[in-house]
Amino acid sequence: MNVHDSERLSGMLEEAGYVRADKDSEPDVVVFNTCAVRENADNRLYGNLGHLRPVKESHPGMQIAVGGCLAQKDRSEITRRAPWVDVVFGTHNLGSLPTLLERARHNSEAEVEILESLDVFPSTLPARRESAYSGWVSVSVGCNNTCTFCIVPSLRGKEKDRRPGDVLNEVQALVDEGVLEVTLLGQNVNAYGSEFGDRLAFGKLLRSCGEIDGLERVRFTSPHPRDFTDDVIEAMAETPNVCHQLHMPLQSGSDRVLKAMRRSYRSERFLNILRKVRTAMPDAAITTDIIVGFPGETEEDFEQTLEVVREARFSSAFTFQYSKRPGTPAAELPGQLPKEVVQERYDRLVALQNEMSWELNKELVGREVELLVAEGEGRKDTETRRLTGRARDGRLVHFSPEGPIDREIRPGDIVHTSITRAAPHHLVADGEISAHRRTRAGDHWEEGRRPKTSGVSLGLPSFGKPAAEPAAEQGCAC
Ligand code: SF4
């Protein structure tokens, strides 16, 4: 969500006449888009601001802006601790950044503007996309749940849904710009529609994405088990461009801990959804998030998490050690666990998950995969002379670029190859590729073109294929 918000901030600044600074030059404006979910976010922010202070002193006119969740939380505390900051803006008023920079420059004093609710939906703002082949599209912002470890509801507010027509028009605009893959984004993506009273809205949205010509891959993140309904599974299975990949946070395998987390499902419901997903899509890759060491978690609770992990057969898991987030209910709960206990459980969980991931990856050796060639995801590619791509199920595959290649393989192109080796966190395809398809996304990548969406809100609140030429009407062009 934050990465996508940053694309909006870049798009707005470019529209206001700013140009991107060269990598090695000293910029005139620095914007920090902060996240309060990560541990030590405040230490890192104030550390970075401290480093910038002498730079700003030697660069007259330089402006520093701080936005995002931490700004929403700390507000004028930021300019109190770092008086050399020029602008502070929150999660509800991203669109104010250019005006606030201008006002701070004009008045020669800091501008702090934090709103309590959404000013304009961020998707109505222009965006400067980072990827030529893959794009984020928000379906909603905010969350109506109250998980006790999470700071999101207090900083991002209640869920606000976009109109389906607006979502689909943005998807179409990206596809018109050559994008092949879209990830639908929401804090609780499958609660989509609750604001306008249609509980089946998310499944319908997936099916409508299936009608968009040229859109090859649709993903979404993150669904909540409570709202995961059968119609979404059917839409995933029956819509050819929806990838058979599901990232669904488990958080804990213990029902007692889930209750304390105020997660309104229980482990059996979670596993049952997974069974249904696998019956409908046997090739589905399922990933998750798990928190270890939630306050009051006993060894027995933790063992229940291990048990669910064994049964769920996740292809991978993002595992976190619980640590207090000030302002969340869990930070005040009794039974906060000592670091050593949390670390020891965490190590056991990671060892088990690695074993499971590896086992599942080994089952894929010999299988043909379609890869969307990626940029910057294979850190050792130069050394190994491989390229890297994502399979339809989201797995990372390092492949040997040999075989029937049409001129050159670029990020954004599609290749087909076979898996020759498995590791816990990636796959390797060292044989010759069987096919390579050049794409418009690859052409754009080669030309250094990136999609730009104007953000103008268009479209009727209905499902179905968007009306012809929405992108032209939106003025969406590089
Ligand atoms: S569903 Fe996700 S975003 Fe919402 S409160 Fe729970 S953890 Fe936070």
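Whatever order the structure lists them in is the order used to number ligands and atoms, beginning at 1.
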- Item | Contact atoms of ligand 1, heavy-atom distance to P153 under 4.0 Å | 5 (S)
- Residue pair H247 / T221, side-chain donor-acceptor N/O under 3.5 Å: no
- Message: Classify the ring geometry of F270 against Y265: parallel below 30°, tilted from 30° to 60°, perpendicular beyond 60°.
- Response: tilted
- Task: Would you verify whether the NZ or CZ of R81 falls within 45 degrees of the ring axis of Y46 while also being under 6.0 Å from that six-membered ring's centre?
- Result: yes
- Message: Would you call the rings of F318 and F320 parallel, tilted or perpendicular, taking 30° and 60° as the class edges?
- Response: parallel
- Query: Checking only N/O/S atoms, does C143 have one that is under 2.8 Å from atom 4 (Fe) of ligand 1?
  - Reply: yes
- Heavy atom of the protein closest to atom 8 (Fe) of ligand 1 (residue, atom name, distance): C150 SG, 2.3 Å
- Item | Contact atoms of ligand 1, heavy-atom distance to R263 under 4.0 Å | 1 (S), 6 (Fe), 7 (S)
- Message: Quick check on E268: does its CD atom have over 12 non-hydrogen neighbours (other residues, nucleotides or ligands) under 6.0 Å away?
- Response: yes
- Task: Could you tell me whether P249 approaches ligand 1 through its side chain, its backbone, both or neither, with non-hydrogen atoms closer than 4.0 Å?
- Result: neither
- Between C147 and ligand 1, find which residue part has any heavy-atom pair under 4.0 Å and reply side chain, backbone, both or neither. both
- Which atoms of ligand 1 sit under 4.0 Å from any heavy atom of H224? 1 (S)
- Item | Atoms in ligand 1 with a heavy atom of F149 nearer than 4.0 Å | 7 (S)
- Message: Under a 3.5 Å distance rule, please check whether N190 uses its side chain to pair with a backbone N or O of D227 as donor and acceptor.
- Response: yes
